[in-house]
Amino acid sequence: KSEGRLVDEEFLDELFARLIRTDMGTGPANKIRDEVAKQYRGRVVQLEEVVATITTEIREQLRQDHGGLAKADSGPTVILVVGVNGSGKTTSIGKLANHLRSGGHSLVLGAGDTFRAAAVEQLTIWAGRIGCEIVTGKSGADPASVAFQCVDKAMETGADYAIIDTAGRLQTQSNLMQELQKIRKVIDKRLPGAPHEVLLVLDATAGQNAISQAKGFSAAAACTGIVLAKLDGSAKGGVVLPIHEQFQLPVKFVGLGEGLDDMAAFDPDSFAEALFQ
Amino acid sequence: SLSEGLQSAFKSLSGKGKLTEGNMRDGLKIVEQSLLESDVSYSVVKEFMAHVSEKALGKRVLLSLRPHEELVRIVHEELIETLGPVDPSLHLKADRPTVLMLCGLQGSGKTTTCGKLTQMLREQQIEPLLVAADLQRPAAIEQLKIIGEQLGVPVHTETDHQDPVKVCQNGVDRARRDGNRVVILDTAGRLAIDEELMAQLKRIDKKVGPDQVYLVVDGMTGQDAVNSAGAFNDALELDGVVMTKLDGDARGGALLSVKQVTGVPIKFIGTGERFDALEPFRPEGMAGRILQ
Ligand SMILES: Nc1nc2c(ncn2[C@@H]2O[C@H](COP(=O)(O)OP(=O)(O)OP(=O)(O)O)[C@@H](O)[C@H]2O)c(=O)[nH]1
Ligand SMILES: Nc1nc2c(ncn2[C@@H]2O[C@H](COP(=O)(O)OP(=O)(O)OP(=O)(O)O)[C@@H](O)[C@H]2O)c(=O)[nH]1
Ligand SMILES: [Mg+2]
Ligand SMILES: [Mg+2]
């Protein structure tokens with residue numbers, strides 16, 4: 001058992017460094033540092049014991065309102081997927097569709113990115129690998145019309161789920177944020193109450209800008225959950241903590257690789273544990 | 001803003017304009033927090049602040065009539081010096097094809113940047129050969145083919161095997177035969193901690209010997225920037241960095257992290273999805289953004 005350490009400025013700085021490295025941000029890191037200083041200053045403790053206490057508190061915070069995927073009362077459950085460029089939306093849709101298909105559900109994908117080169121081709125390949133229907137439009141087509149047709153097809157064929165892909169965009173692009181609002185409206189028009197789930201895909205390597213992303217995309221598309229992609233890398237994804245606190249937006253899934261099986265339901269326990277490893 | 005924060009911090013302390021070392025250390029703390037809020041990696045902030053503190057705690061600054069302005073100036077200058085010097089040249093060879101290789105984490109903007117570099121070269125009357133070396137992501141080859149078509153440049157593709165090293169070698173050989181002045185290798189995104197894929201990248205580097213290796217980094221990257229940039233630099237000895245998606249409101253602290261850890265020039269910044277959205281990097285522009 002290693003020697004205990006005096007909780008002094010050096011100890012607190014070391015703790016602060018570990019908190020910052022998770023990408024939780026200065027606000028939460030300072031708050032935790034101050035609480036530890038208040039509780040332990042001048043005492044002799046194990047750094048790992050303090051980290052374990054912090055981990056438990058984070059685990060508790062994340063366990064609240066940690067719900068699963070939404071389910072419509074009747075008709076297809078419509079899932080809209082949004083997020084900034086390159087965050088992992090299209091790949092996450094492939095993984096989610098695969099997961100639902102393995103659970104015996106039928107689904108229709110909507111290739112709603114009608115802008116980026118080979119975006120439709122990319123999702124079409126995933127649909128082929130999973131063995132599910134996909135609705136596509138011409139290049140440059142109105143994404144809202146693809147969304148409409150996807151929901152329409154899902155209703156017509158009695159599919160359990162409709163998952164709609166959208167083009168990457170930045171929360172600062174107001175015209176593209178308006179486009180998301182329009183897509184939502186059109187979906188709701190075809191099936192009142194839809195979309196039932198709006199997933200914001202966040203790149204785990206993102207820093208504090210993820211908070212601005214959560215804010216902007218929530219305002220435009222009323223996000224209901226987060227997919228934290230690329231968590232198989234060295235980035236910790238700690239920014240979901242201030243996002244959870246500020247917007248009550250829960251992480252529903254994590255992306256753990258580039259293959260169809262590389263997705264898992266969010267587990268607050270293992271996530272909290274991994275933050276400080 | 002940082003300047004306002006420092007001004008109010010120092011104002012409340014002494015009306016005579018003379019600061020103690022302790023007062024200045026409080027000011028330095030504010031600067032440190034601001035850099036962390038901008039996503040500069042912790043270890044980079046520490047090193048940067050050590051240089052700044054050395055200058056800020058000198059007699060001249062403490063006795064100045066406007067200490068908060070002095071501190072902002074010192075930080076600004078230190079940032080400009082660290083982010084520079086500037087080098088937007090592609091260092092084209094006179095007598096043979098120049099080989100540029102783009103690498104980086106998944107989704108950072110490599111393939112799109114290939115298009116942007118192509119546009120830049122076309123404006124200099126140079127037609128590059130693009131090489132589709134991402135054999136793994138669905139429709140990656142198709143994506144580069146479409147970009148090539150849109151820009152009117154040839155794209156070398158091979159779909160009958162799974163070896164990116166071979167595709168790159170064949171692409172460079174083809175450029176030599178066809179007389180292309182530039183070849184751009186678009187590689188697959190990969191994790192810096194993926195040993196197998198980092199080894200593959202090293203093999204391409206060794207076999208093909210690119211003249212310029214650019215790391216393409218997402219402008220909104222957080223603390224992990226030091227880890228990934230460090231790993232790519234250790235593996236390949238980078239020649240430059242391209243930072244993308246800076247058209248958003250990310251503060252871009254990863255720029256300082258990547259520059260500090262690799263020491264290689266930030267060549268260009270990406271400011272949009274279209275092919276004309278690539279600018280030569282200017283430290284002054286980014287310094288103000290990181291230090292808001
Ligand atoms: N390692 C890893 N890579 C991922 C993960 N999710 C996605 N990727 C990779 O990230 C890159 C971008 O993924 P996409 O699904 O194309 O991202 P996107 O958000 O649809 O991108 P745009 O449509 O261009 O905005 C691809 O190379 C994916 O294979 C993940 O969980 N782990
Ligand atoms: N707003 C903005 N989007 C960009 C910029 N550069 C690239 N993108 C977008 O980012 C997304 C990912 O770009 P890609 O070029 O596919 O990224 P990549 O690094 O090749 O991805 P992988 O091959 O999967 O690793 C696309 O939606 C691009 O249009 C930029 O500077 N600004
Ligand atoms: Mg996509
Ligand atoms: Mg690519």
Side-chain angles (χ1 to χ4, degrees), chain A residues 13 16-27 29-30 84-91 94 115-126 128-129 139 167-173 203-210 212-213 216 229-230 232-239 255 257-258, chain B residues 32-43 45-46 105-112 115 136-147 149-150 188-194 217-228 231 244-245 247-254 257 272-273:
Chain A
D13 281 355
F16 183 75
R18 284 183 71 169
L19 296 169
I20 285 293
R21 283 196 192 107
T22 66
D23 273 319
M24 65 167 62
T26 53
N30 278 321
V84 300
N85 308 72
S87 63
K89 298 176 292 299
T90 306
T91 309
F115 169 74
R116 207 209 68 212
V120 173
E121 286 85 337
Q122 185 185 2
L123 189 63
T124 301
I125 290 173
W126 284 122
R129 289 182 189 176
S139 163
R169 68 203 65 216
L170 301 180
Q171 62 280 16
T172 46
Q173 293 172 305
D203 190 326
T205 67
Q208 297 308 294
N209 191 255
S212 168
Q213 292 173 28
K230 310 177 198 173
D232 46 318
S234 49
K236 298 296 184 181
V239 69
E258 303 188 65
Chain B
E32 184 175 279
Q33 292 288 312
S34 171
L35 290 172
L36 289 172
E37 281 160 25
S38 280
D39 286 327
V40 183
S41 296
Y42 184 86
S43 57
V45 172
K46 279 303 186 204
L105 297 178
Q106 290 90 345
S108 62
K110 299 174 290 301
T111 305
T112 309
Q136 146 199 333
R137 164 175 156 155
I141 296 176
E142 187 62 20
Q143 186 184 2
L144 196 66
K145 269 172 86 180
I146 292 172
I147 288 174
E149 280 165 27
Q150 288 174 341
R190 68 204 64 216
L191 296 177
I193 57 172
D194 185 328
V217 180
D218 193 319
M220 50 191 103
T221 308
Q223 293 292 308
D224 192 56
V226 276
N227 303 326
S228 49
T244 62
K245 308 178 202 172
D247 41 318
D249 59 0
R251 300 256 304 249
S257 303
E273 293 190 78

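Sequence lines set the chain letters: A, B, ... in the order given, protein chains first and strands last, and positions in each chain run from 1.
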Please rank [options] by heavy-atom pairs under 4.5 Å with chain B and give me the top one.
{"options": "A:Leu170, A:Thr124, A:Val84", "answer": "A:Leu170"}
{"options": "A:Gln173, A:Gln122, A:Arg21", "answer": "A:Gln122"}
{"options": "A:Leu123, A:Thr91, A:Thr172, A:Thr90", "answer": "A:Thr172"}

Exercise. Highest number of heavy-atom pairs under 4.5 Å with chain A: which of B:Ile146, B:Thr244, B:Asp39?
Worked result: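 Answer, by heavy-atom pair count under 4.5 Å with chain A: B:Asp39.
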
Problem set entry | Residue selection (most heavy-atom pairs with chain A, distance under 4.5 Å) from B:Ser108, B:Pro138, B:Ala139, B:Ala140 |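 The answer is B:Pro138.
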
Between [X] and chain A, which part of the residue has a heavy atom less than 4.5 Å away: side chain, backbone, both or neither?
{"X": "B:Asp194", "value": "neither"}
{"X": "B:Leu36", "value": "both"}
{"X": "B:Leu144", "value": "neither"}
{"X": "B:Gln150", "value": "neither"}
{"X": "B:Asn227", "value": "side chain"}
{"X": "B:Arg137", "value": "side chain"}

Tell me whether [X] contacts the main-chain N or O of [Y] through its side chain, where contact means a donor paired with an acceptor under 3.5 Å.
{"X": "B:Ser41", "Y": "B:Ser43", "value": "no"}
{"X": "B:Thr221", "Y": "A:Ala206", "value": "no"}
{"X": "B:Glu32", "Y": "B:Val45", "value": "no"}
{"X": "A:Thr26", "Y": "B:Gln33", "value": "no"}

Exercise. Under 3.5 Å, is there a donor-acceptor pair between the A:Asp203 and B:Gln106 side chains?
Worked result: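 On atom types as modelled, these side chains do not qualify, holding no pair under 3.5 Å.
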
Problem set entry | Nearest heavy atoms of A:Ala29 and A:Phe16, plus distance in Å |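 Smallest interatomic distance, heavy atoms only, reads CB-CE1, 3.7 Å.
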
Problem set entry | Exercise: identify the closest heavy-atom pair between A:Ser234 and B:Ile193 |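 For A:Ser234 versus B:Ile193, the nearest heavy atoms are N-CD1, 4.0 Å.
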
Exercise. What is the distance from atom CZ of A:Arg116 to atom OG1 of B:Thr112, rounded to the nearest 0.5 Å?
Worked result: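 If we round to the nearest 0.5 Å, A:Arg116:CZ and B:Thr112:OG1 are 7.0 Å apart.
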
Answer with side chain, backbone, both or neither: which region of [X] has an atom nearer than 4.5 Å to a non-hydrogen atom of chain B?
{"X": "A:Glu121", "value": "both"}
{"X": "A:Ile20", "value": "both"}
{"X": "A:Asp232", "value": "both"}
{"X": "A:Thr205", "value": "both"}

Exercise. Do B:Lys245 and B:Met220 come close enough that some side-chain heavy atom pair is under 4.5 Å?
Worked result: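 Sidechains of B:Met220 and B:Lys245: in contact.
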
Exercise. If you measure from the Lys or Arg side-chain nitrogens to the Asp or Glu carboxylate oxygens, is any gap between A:Lys236 and A:Asp23 under 4.0 Å?
Worked result: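 Result for this pair is no, no salt bridge flagged.
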
